[in-house]
Amino acid sequence: MDANTTARPTISDEKVILLPAPTAWPIVFAFGITLLFAGLVTNATISFLGAFLALAGSIGWFRDVLPVEKEESVTAIELPTPVVTSRKEVAHIQLAELQLDRARLPLAIYPVSAGVKGGMVGAVVMAILAIAYGVITKHGVWYTINLLSAGFFPGRNTTAELVQFHLDGFIVAAILHLFVSFVAGLLYGAALPMIPRHPILLGGLVAPILWSGLLHGSLGLIDPVLNDRIDWG
């Protein structure tokens with residue numbers, strides 16, 4: 001064989017590796033969230049379309065990764081890499097001088113499903129507290145439910161209208177409440193492995209404070225009727 005001839009990889013050199021399958025659902029989900037909030041300042045139809053796309057995107061996204069992540073086979077060819085160095089001596093690292101600390105890794109982490117379950121439990125508890133607030137303040141059971149959906153029905157801004165039962169308002173409020181609780185629980189579950197210590201403190205105090213701060217800054221745009229009737233203190 002000529003010295004200048006380069007050896008080509010054979011079939012035996014080929015390896016098949018698994019990579020996550022490409023998916024467009026995250027883009028659909030993001031576009032749906034964008035339309036959902038854009039409809040609050042334009043038209044309710046756009047918000048309904050955004051909610052539908054966001055729900056479809058989240059379901060499609062989760063079906064791509066749960067319970068088993070979808071993968072695709074890719075053929076990879078491993079080429080020999082020549083090992084070269086310009087060093088003339090071996091470099092030694094003095095570990096004692098660097099005083100490296102051993103990595104501290106948790107023995108177990110909470111699954112994402114724990115956050116989703118927590119979000120659903122929180123949805124039930126918040127619904128009970130909201131209805132109880134309406135009864136205690138003598139506004140009735142439907143007052144807080146109509147306040148939650150008031151951003152989709154700008155015409156219903158008087159107390160007389162908010163204390164009545166509206167089927168469309170109830171459906172919108174239920175979907176919005178479950179969706180927000182699901183997303184909040186999902187984000188909490190995703191954050192748990194990053195902060196594995198003190199999950200009760202994180203979920204019971206830190207996360208509600210951060211969530212309240214986020215609502216305080218954005219609720220005036222999302223739902224002005226609800227924002228005007230909240231005593232933040």
Side-chain angles (χ1 to χ4, degrees), residues 26-59 115-116 118-188 190-191 203-233:
I27 300 178
V28 176
F29 175 77
F31 184 61
I33 293 296
T34 303
L35 292 181
L36 178 65
F37 286 99
L40 297 178
V41 294
T42 55
N43 191 291
T45 305
I46 298 179
S47 293
F48 284 115
L49 176 60
F52 174 78
L53 290 178
L55 181 61
S58 60
I59 293 175
V116 175
M120 293 297 99
V121 173
V124 175
V125 174
M126 288 299 297
I128 295 175
L129 292 177
I131 295 175
Y133 172 79
V135 174
I136 293 174
T137 57
K138 298 181 180 180
H139 286 107
V141 174
W142 308 112
Y143 178 70
T144 52
I145 297 176
N146 289 324
L147 280 179
L148 182 59
S149 61
F152 294 86
F153 307 99
R156 299 174 188 171
N157 52 11
T158 63
T159 303
E161 292 174 323
L162 293 174
V163 298
Q164 298 178 7
F165 172 73
H166 302 282
L167 179 60
D168 51 357
F170 175 77
I171 295 175
V172 170
I175 295 175
L176 183 63
H177 182 61
L178 291 175
F179 178 75
V180 173
S181 300
F182 174 81
V183 173
L186 182 63
L187 294 176
Y188 173 63
L205 182 62
V206 177
I209 291 177
L210 294 177
W211 184 253
S212 299
L214 177 63
L215 286 179
H216 182 271
S218 60
L219 195 60
L221 178 63
I222 299 174
D223 194 342
V225 178
L226 176 59
N227 187 62
D228 293 339
R229 295 170 183 264
I230 286 183
D231 182 359
W232 288 102

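Basis for what follows: all heavy atoms, side chains included, without hydrogens, waters or symmetry-related copies. Along the sequence shown, the residues carry numbers beginning at 1.
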- Got Ile209 and Leu205 here, is their nearest side-chain heavy-atom distance under 4.5 Å? yes
- Among all residues two or more places apart in sequence or in another chain, which pass the salt bridge (Lys or Arg N to Asp or Glu O under 4.0 Å) test with Asp228?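 Testing Asp228 for salt bridge (Lys or Arg N to Asp or Glu O under 4.0 Å), a comparison that skips the adjacent residues, returns none.
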To the closest 0.5 Å, what do you measure between [atom1] ([X]) and [atom2] ([Y])?
| X | Y | atom1 | atom2 | result |
| --- | --- | --- | --- | --- |
| Ile136 | Leu129 | CD1 | CG | 9.0 Å |
| Phe182 | Leu187 | CZ | CG | 10.0 Å |
| Phe152 | Ile171 | CZ | CD1 | 13.0 Å |
| Phe153 | Asp168 | CZ | CG | 4.0 Å |

Looking at every non-hydrogen atom in both residues, tell me the closest pair between [X] and [Y] and how far apart they are.
| X | Y | value |
| --- | --- | --- |
| Leu162 | Asn146 | O-ND2, 2.5 Å |
| Val28 | Leu53 | CG1-O, 3.7 Å |
| Thr42 | Ile46 | OG1-CD1, 3.5 Å |
| Ala54 | Phe179 | CB-CZ, 4.2 Å |
| Ser47 | Leu36 | OG-O, 3.0 Å |

- Message: I'd like to know if the side chain of Ser58 and the backbone of Leu55 have a donor-acceptor N/O pair within less than 3.5 Å.
- Response: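 It does hold such a pair.
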- Message: Determine whether a donor-acceptor pair (N or O, by modelled atom type, separation under 3.5 Å) exists between the side chain of Ser149 and the backbone of Val172.
- Response: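 Not a single qualifying donor-acceptor pair exists.
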Crowded around [X] [atom1]? As in, over 12 foreign heavy atoms under 6.0 Å?
| X | atom1 | answer |
| --- | --- | --- |
| Met126 | CE | no |
| Ile27 | CD1 | no |
| Phe31 | CZ | no |
| Phe165 | CZ | yes |

- Please work out whether the ring planes of Trp142 and Phe170 are parallel, tilted or perpendicular, with thresholds of 30° and 60°.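 If you compare the ring of Trp142 with that of Phe170, the planes turn out perpendicular.
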- Report the residues that fulfil side chain to side chain donor-acceptor pair (under 3.5 Å) with His177, sequence neighbours left out, ordered by chain and then residue number. none
- Item | Contacts of type side chain to side chain donor-acceptor pair (under 3.5 Å), residue Gln164, not counting sequence neighbours | none
